[in-house]
Amino acid sequence: MGQRVNIQYSIDIDELPSAVATLLEGAITDLTDVAHDASGDINKITVMELNTLQEIQQIRTNLESIDHRLGDVAALVNSYINYHTNSAQPQEQEEAHAPEATNSEQLFSPLQGQTTTTDLDNLQSQIERFREVIAATPEDSNEATS
Amino acid sequence: MKPPVKDLRRPYISTQFHRELIPRGSVVETFLFYSGQLEFSLTDYERFVLAHTTRPPLHEFWACINDDASRVYEILTSDIFKFDNENMFEILQETWPTYPNPYVRSALFFLMNVCSEKGLPSSGNLNITNFNKHSLNRLKTYKKPSNLFITLDKEQELIDSIIETNPTDFLVFPLPSYDYNLFDHGTSVGFEETRVNHARLLRKLSAIDKKWIVSYPHHEGAQELYKGFEQIMIDKYGKKTNSAEACEELIIVNF
């Protein structure tokens, strides 16, 4: 397969579903063609020849190309979902949140945050506040039956 | 308050009994934090809970809903988040952690949890009946208890999360199941699960000078392993029983 390049152009957000549907249809049509071309009779006598390797290589190359296009479609759908789920939030609230992860290495990084010294200081003060509140309030006698 | 997600791997019928063992006002560390069923029953009744997990996807889910549960709710109820078939469920079981947005991942975690017969996002058969107004409402109305602190430990081994010098009164281990750890190297666990070596946990606990409570779904192997410690069998009504047949949960304590 030849070298792949990324190209970039902009369209209206409302046109995105239609553009993505076209891309997906194209990939599925090509997939059907590959399956159709590959579904001819397989000759048990000639199958163990060099020609077979060439045919298999051609099928795999075509599948790789289709896989790339399906990957592009999946990325577009993911971005669209992201856009919608983010745009539901007010801007200032959005800015307060950590930035999103963009690749698998960053997964779980924005909010996972190993517990830090500041967190532990917070924990200590929360525990102290909790003990003060408990000391100042009488015990709920109904607890055991709830 | 009931937590918005469930753990169906084990019963949580001994929660009241845990409260009898842990006095009001105590500071408790719990390990293998997952659905919060035990932890919330403690925070509701004035115990402070420091809950440990070693699983980033779990910590992220709780961080997201503690931060903004309504945002996760909005995602789950939006038009683009339709979910209605078994094939999609199986694909999502393998791919949900790869979605780039943490709030979308958290929405998927919730969805997969309530729809999985095991209550695990990464495994179990589909049971979509639990994804309903009731479960969504629990998420929508969720508010983090002020006396709950959830921490992510970088350690992969449960026992490495146990720090004896932490200023807490009790260590509590609600274990999802007991096994003999014979096939640990040949089996995989989901993104949200932690493998536990039960014998190593016992060795660690035996060396600790602190009050601890371990609980398991009833299993003879666990009873045998913790021979010599105080063992309490709990029946399906959450009461003590002397009958192994009636036992649903086994509680082991060192005090």
Side-chain angles (χ1 to χ4, degrees), chain A residues 16-17 71 74-75 77-90 93-94 96-116 119-146, chain B residues 15-17 19-20 23-27 41 43-50 52-53 55-64 66-68 70-72 74-76 78-81 95 97-107 146-154 166-169 191:
Chain A
L16 187 61
V77 174
N78 263 328
S79 301
Y80 187 73
I81 289 172
N82 250 350
Y83 168 78
H84 271 275
T85 53
N86 287 336
S87 61
Q89 297 298 307
Q93 196 177 336
E94 193 60 37
H97 287 134
E100 287 169 14
T102 53
N103 62 45
S104 58
E105 287 171 8
Q106 288 175 285
L107 286 179
F108 308 116
S109 62
L111 290 160
Q112 88 175 38
Q114 190 69 33
T115 306
T116 62
D119 294 333
L120 292 174
D121 289 345
N122 270 340
L123 171 63
Q124 194 57 43
S125 64
Q126 279 181 39
I127 290 175
E128 281 164 17
R129 224 173 19 249
F130 167 75
R131 289 196 200 274
E132 284 167 16
V133 170
I134 290 293
T137 50
E139 186 166 1
D140 178 3
S141 56
N142 291 327
E143 173 182 327
T145 56
S146 298
Chain B
T15 50
Q16 187 178 311
F17 197 81
R19 294 201 302 271
E20 289 174 23
R24 172 181 176 267
S26 300
V27 178
S41 87
T43 55
D44 280 352
Y45 290 97
E46 299 176 317
R47 280 79 171 166
F48 190 99
V49 174
L50 168 59
H52 293 261
T53 177
R55 308 308 299 144
L58 261 179
H59 184 262
E60 180 182 81
F61 168 74
W62 284 99
C64 283
N66 285 341
D67 178 52
D68 192 354
S70 63
R71 182 173 180 185
V72 179
E74 296 290 337
I75 294 169
L76 281 161
S78 70
D79 289 341
I80 54 167
F81 218 81
T95 60
T98 64
Y99 280 75
N101 180 314
Y103 287 88
V104 173
R105 283 199 296 272
S106 297
S146 61
N147 50 338
L148 172 67
F149 188 99
I150 302 168
T151 178
L152 175 69
D153 300 327
K154 68 177 180 205
N166 280 353
T168 51
D169 306 314
F191 303 107

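The shown structure was predicted, so the numbers you read here are calculated from the model rather than taken from an experiment. Labels below follow one simple rule: chain letters A, B, ... track the order of the sequence lines, proteins then strands, and each chain is numbered from 1.
Under the 6.0 Å distance and 45° angle rule, B/R105 does not count as a cation-pi partner of B/Y99.
For B/T168, no part lies near chain A; criterion is any non-hydrogen pair under 4.5 Å. For chain B, the nearby parts of A/T137 are the backbone and the side chain; heavy atoms of each come within less than 4.5 Å. Of the atoms belonging to B/S41, not a single heavy atom falls under 4.5 Å from chain A.
Here the closest heavy-atom approach between residue A/L123 and residue B/F149 is recorded as CD1-CG, 3.6 Å. Scanning all heavy atoms of the two residues, the minimum distance from A/Q126 to B/S146 falls at OE1-O, 3.6 Å. Residues A/F130 and B/F48 come closest through the heavy atom pair CZ-N, 3.2 Å.
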